[in-house]
Amino acid sequence: MKKYKINTNCLHAGYSPKNGEPRVLPIYQSTTYKYDSSVEMGQLFDLEKSGYFYTRLSNPTNDAVAAKIAALEGGVGAMLTSSGQAASFYSVFNIASAGDHVISSSAIYGGTFNLFNVTMRKLGIDFTFLRPDATEEELNAAFRENTKAVFAETLSNPSLHVLDIEMYARCAHAHGVPLIVDNTFPTPINCRPFEFGADIVIHSTTKYMDGHATSVGGVLVDSGNFDWTQNDKFPGLTTPDESYHGITYTEQFGNAAYITKSLSQLMRDLGSIPSPHNAFLLNLGLETLFLRMERHCSNALKVAQFLENSGYVNEVTYPGLEGNKDYELAKKYMPNGTSGVISFRIKGGREAATKFMDSLELASIVTHVADCRTCCLHPASTTHRQLSAQELEDCGVYEDLIRFSVGIEDVDDIIDDVKQALEKSAQ
Ligand SMILES: *Cc1c(COP(=O)(O)O)cnc(C)c1O
């Protein structure tokens, strides 16, 4: 297939109908696939032949959407999951098991932090959490003999820290392990981590990729660049898998070993697949991703500038704003923009924050982010409500902090809404 630019791939990658076939990717809402002989089906089970046999492992709708996302990220393969949480879990569990250790940035989505710090610890995997702006020395010092991966978010939710991807990749590779990044907020439109040395990318597709708040979903993408055979840290990939007829993934599947194992072993056993209908909805979102991201970013920059000059706000965090501590990193890794998400600290504390939110007319209060409609959240009274005032301070979720996810509406309407709500917050 001709190599197109990423915007064209949003529309066309992953599905090329032949003569007379449906123009739009069909929803193959079928769990099973019919074959003429049992010999043929046996070969599918042994991974000797490729073909569909059961939707938990592969489905034409899901596979087309996964192939589109692999093309957008520039990877060799991708696997859809039923949620971003499942993608985060698989990304690490595919190469780490009891007795192993993983280094993670502490500036990650709360759900991911809990998955690593509580649930995966119960499975015997140890984690070290480092500040996202840790120095190269501090990062290097965190590695152990049993370290299997480094994990971070390219643009962190909710703290909006921009990752120095090249530095993190350099440290991971110096210790013979891959860098896994969550690229949910910038999306491949604004940041392609593989170009800077990341090895595995995951997304919560629930956010911008879907973009319309219809379907929870996730995806795991393999760059194909990491050499799993360079050391003996990854026996799951480099030695025979007895649960799959003695296949050695690196021998049989070359640079698609990681993604093939995640599908044929983890998805087979754990089974968090999206429904084909949800994959279809995700695909509709992907078709306009490049248009929406551009508008999210230009709107968000204008809203951030308005907030900064409004007189009602103490601090605005948006990496696209000159003066933001990560402005230079954002320019390097996300030159076309970061995302539509802004956070700011309103004057007048918790009471003003509540008044502001309750006064919004266009923007809605939701537990969601990265929707095409402007929405906002007060972390201290929702996602972080179990924390004490001191704990809130410690993790940077101040009582006056508002996370504002700028949508693609007319920016004048968004700013008018923010303006009238700010005025009421001070009354
Ligand atoms: C929402 C989110 C997740 C979790 O994804 P779900 O689809 O809600 O399971 C993971 N990472 C980031 C950065 C997120 O914003």
Side-chain angles (χ1 to χ4, degrees), residues 62 65-66 69 73 78-93 102 104-120 127 129 132 151-163 165 179-191 193 198 200-221 270-275 278-279 281-282 285-286 289 293 296 300 317 319 333-334 338-343 366-372 375-377 379 382-384 395-397 403-406:
N62 293 5
V65 181
I69 296 173
E73 286 287 4
M79 179 178 85
L80 297 188
T81 56
S82 55
S83 68
Q85 286 297 104
S88 301
F89 175 62
Y90 285 12
S91 73
V92 172
F93 197 60
V102 172
S104 173
S105 163
S106 60
I108 52 176
Y109 173 69
T112 312
F113 181 74
N114 199 72
L115 167 69
F116 290 171
N117 194 42
V118 179
T119 301
M120 289 185 79
F127 286 82
F129 294 97
F151 185 99
E153 291 180 5
T154 51
L155 176 61
S156 62
N157 177 10
S159 54
L160 302 175
H161 180 89
V162 180
L163 186 73
I165 304 172
L179 172 63
I180 305 172
V181 294
D182 181 335
N183 197 33
T184 297
F185 269 18
T187 81
I189 300 301
N190 284 342
C191 178
I200 306 295
V201 159
I202 63 140
H203 287 272
S204 164
T205 62
T206 317
K207 313 296 164 54
Y208 288 116
M209 281 190 168
D210 170 314
H212 300 77
T214 67
S215 319
V216 172
V219 68
L220 177 59
V221 193
L270 301 168
S272 344
I273 59 142
S275 79
N278 277 9
L281 292 172
L282 168 58
L286 290 169
L289 182 65
M293 288 314 290
H296 278 294
T317 302
Y333 293 112
M334 303 160 195
T338 52
S339 77
V341 186
I342 297 172
S343 68
V366 295
T367 306
H368 189 46
V369 63
D371 184 10
C372 57
C375 53
C376 76
L377 180 84
T382 53
T383 49
H384 293 70
C395 66
V397 178
R403 188 182 73 185
F404 201 76
S405 173
V406 180

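Start at 1 and go down the list; that is how both ligands and their atoms are numbered. Model, not experiment: these values are computed from the prediction.
Applying the ring-ring contact (aromatic ring centres under 6.0 Å, His included) criterion to Y109, with sequence neighbours excluded, gives no partner residue. Contacts of A279 classified as side-chain contact (heavy atoms from CB on, under 4.5 Å), with partners at least two apart in sequence or in another chain: T61, N62, V65, L80. Under the side chain to side chain donor-acceptor pair (under 3.5 Å) criterion, T206 pairs with S204, sequence neighbours left out.
In plain terms, the two heavy atoms of I180 and S91 that are nearest each other are CD1-O, 3.4 Å.
Put simply, the side chain of E153 does not reach to within 4.5 Å of the side chain of P132, judged on heavy atoms.
In this structure, F127 has its ring center no closer than 6.0 Å to that of F151.
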At less than 3.5 Å, what protein N or O atoms come close to the N or O atoms of ligand 1? Include the distances to 0.1 Å.
from, atom 1, to, atom 2, distance (Å)
ligand 1, 5 (O), S204, OG, 3.1
ligand 1, 7 (O), G84, N, 2.9
ligand 1, 7 (O), S204, OG, 2.8
ligand 1, 7 (O), T206, OG1, 2.6
ligand 1, 9 (O), G84, N, 3.0
ligand 1, 9 (O), Q85, N, 2.9
ligand 1, 11 (N), D182, OD2, 2.7
ligand 1, 15 (O), N157, ND2, 2.8
ligand 1, 15 (O), K207, NZ, 2.6

